[in-house]
Amino acid sequence: MADAAKTGAAGASKSRAAASRRPAAKPGTRFAFDLSTSARWSGVAVGIVRVERELARRAQEHLGDRLQYCLYDLHAKAFRTIDPTTAMAIVEGRLNVDFEPGETQRLADLELRTQVRAHLLNRPRLFSVLQALRGRKVSIEQTLALRAATGAPSMTFRQIGREYLIGNPRLYQAFQRLRGRSLSLSQISQIRAEEARQRRPVEAGAKRVKLADLAAGELKLAPDLVVISGGLDWEHKDLRAIYRLKGEHGFRYAAILYDLIPLNLPQYVVPHYVNLLTDYFGELFWTADFGMCISRKTQEDALAYCAENGMQPLAMRHFPLGGDLPPSKVQATLPEALTGKRYAIFVSTIEPRKNHRALYEAWDHAVRQGRIDAETCRLVFVGRAGWNTSELMHEIRTNPHTKDSIVLMEGVSDAMLDALYKGADFGLFPSRYEGYGLPLAEMLSHGLPCIVSPAGSLPEVGEQLVVYKDPIDIAGWSEEIVRFFSEPQLLAAHRQAIRERYRPISWERASDEFFRALEGLVKS
Amino acid sequence: MKRRVLGLSTYPIRRPRHGGQFRVAAIADFYRGFGYDYHYSAVYESPAYGPADVGPDDIKLDHVDVRWQGLPFMGDVASGTFAAETPAAYAHFCQVVARLQPDVVQLEHPFLWPLIKRMRSEGKLDGVQIVYSSHNWEGPLKESILKRAGMAAAKAAALRAGIEAMETELVRAASLVIAVSTADAKIYAGLTQRSKVLVASNGTPRPPAENPTGEAGKAAPAGESLRRKLFGGDKFMFFVGSAYPPNIEGFRRLVADGGFFFLPPKKAMAVCGGASEGIFFSDEYQRFVIGNSERVQFISDIDDEQLWDLKRAAHVFLLPIEFGGGTNLKSAEAIASGKWVITTSVALRGREAFRDAPGVVVADTPKAFRKAMIQVMNSPPLKLGARDRAARDKLYWDHVLLDSGIQAAIEALPYPDGPKKAP
């Protein structure tokens, strides 16, 4: 075994080279910024979409005429170029691209059958049994080939059933009657139209264009090209196909790495996404040449993954994310529930990893002890309710001691978020793990004192300017929240320290660091 | 004097595929090599074995007694009942014995003991020496298989007790017991004062001479072209196993769990033999089936030439066996190959001398097994010195059986009296 350990690194290097990871030695001189996620996105740009758009917006000033924008056509497994005007329309949310080939809005029967078949192929035993009942014996190889040819299902069984029913109005009417609902055919027609609209929601004012109508040519793939990708690649890309394309054309691939939570802390990830993202990362580390990490912690995690799997580490750099909100023409006013109140704010999707429960328990504890005035103080959660939080949401909504003092807000605009930050007494961030922690950067940019968990990358963002509390120390959080509400001089001191010492990271600076680091990687 | 040996068991050996078949076939060759008149007769299960697999004295298991109906993995036990209690089957074996006039009956596994017991009680084997050639201490093994298959513990324990009683009876009746490991030999020695107990570990057949390739005007052999087509000249891991549950379960838990993303997205793993289907359809493999299938090649039905070619070119042999008895034949083959070997302690049973040998990595947990696969796949091909090569050469069947003392023990057995005496 010692022999193996000694020779491991050299062997890894060889296998990487053999895997066509760097088929050509030519330096990258052209860049193609992929906008496949932004092009599909509707609504307020948050999280990954925000990062993709903010970097893409500034890419041209850094890369000049070496830059092209592109989209990945998942059906053709090819990158397609788009002109800069179209790219900016996407970045600004004015253009939404329909990647589906063909014109049909409603799924055809044939497509529904394909969906059912894809589901069955995901259950090979059931598939074999059904084929056997039809008098056909299907081997492993055949199952694999069929599965590869069919692809993964994009609809749940429930969705397929509903789609089928609503595509047959009389059948749908009869089914609804069985459920005690009486619907006319015209009402069903209205439902169908509404669902068709919902299926492909488009940002208000955004124009929707089919990919084919953008007259997008195929991106010239060659060793001098670096594709920059920072979107929801696990949904919009086929990395295995890109790996093969790289083998054929020798271009290079720079991926933005947000975090490795699905690999390291899968218990905090929506179950379906654990497999999807494990698969994604499993291929990404073989496909990408450059890893642009949103924090030092993410870079460390990625290095650890490569080492653990005997892989040559990616060439990686880390860069910060911007904490400034996009300028807004309108000024939002605080909701009535917060008017004249003091409040602490936590901005994040409500889900187990974000640890809203710790804040709820801490708040409940302080209110019951009478150490927080529930008449004048509020705990504000900004973010939609995510997975595995139904019990917590039930408790928040029904606990008679706290239900009036915990304010839930979701779908807030940038202007409203700005107003909420400005009006808050202090910010909170009790997360169990973060790859960056953008809301913390936003809070500090607004000069807010913060109580923060030291997990993941948060200390990189919070530096020495926030108060750290262990995310499992409920009593400690309760104590600190009480202290922040009851000691105005403490808050003032924190605000002053942040004013004096915090160097806000704008998206300008973040993109400077991103492109400088990327060019450095490519040159090296 | 030329010995006449009749071997009996519960599978044919005409075309060996699994470990038990290889062992019996090697023993048959060994005996014949000494000029013994060796014949073999088995009860076999259909459709597991087809017409091309069976010999002239083999008989199909036509009827499973009600005691064993609906119970998984009890075909071998049912075969013993069938041979002893079904008139046609019993008549078949009586006719075989009458025709061959053996002076030694060698039972491979204990399962046909009910047949021999009846024949002895009816005076059909007077003076014939019984040799018990064990492959495992079967009772506990069967119990663990049954429990893993979901059988209630009490039921599995009762079946184990029945098998243990049968095996004990056979050990006590035998003149010679051949065990596969010292651990098993100790058990048998504790059961009898009368029988001589020897150890003959499982060995491995010598690989056939390599087919020369690249000769002008001659196509490469089919096996080699398959290997080249799949793996080119790249490193790959090699696993071969029958559909025997320990093969599948060990692979699922130690190899497949977590996916194969530590390998680049191209074929880098060969899974051969009857275990393929069970592995492919396992939850562990299916979890990342598309990514896994980029890297893993299943070859469920493979001819010997292709198989040998894969073995010769493999970078590492995997032996992810977590339960089962006896000494694993595949461990002998893997170690003798001179390639890297990643093995569990269970699979290495009987080969403990190689535990610290160069190129042998013992890993008993999923984490350790995975770590070993990663490290070995990132290591250069194993190179062995002359001494290590010589040590591995002792694992081939010819060496193993010669060194075991079986021949002398068989020679020392008395011959039957009267008309059954060998001519």
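Convention: sequence-line order gives letters A, B, ...; per-chain numbering from 1.
In this structure, the portion of B:Leu263 lying under 4.5 Å from any heavy atom of chain A is its backbone and not its side chain. Only the side chain of B:Glu294 has a heavy atom closer than 4.5 Å to any heavy atom of chain A. The contact between B:Phe281 and chain A is made by backbone and side chain atoms together, counting heavy-atom distances below 4.5 Å. Within the 4.5 angstrom heavy-atom criterion, only side-chain atoms of A:Ser128, from C-beta onward, approach chain B. Contact of A:Phe281 with chain B is not made at all, since no heavy-atom distance falls under 4.5 Å.
Using a 30° and 60° split on the angle between ring planes, B:Trp340 and B:His315 fall in the tilted class, from 30° to 60°.
Partner A:Leu239 forms a side-chain contact (heavy atoms from CB on, under 4.5 Å) with one of A:Phe285, A:Trp234, A:Tyr253, A:Trp286 and no other, that one being A:Tyr253.
Salt bridge status for B:Asp304 with B:Arg15: absent, with no side-chain N to carboxylate O gap under 4.0 Å.
Aromatic pair B:Phe298/B:Tyr285: ring centres closer than 6.0 Å. Proximity of the aromatic rings of B:Phe239 and B:Phe251 is defined here by a centroid distance below 6.0 angstrom, and this criterion is met.
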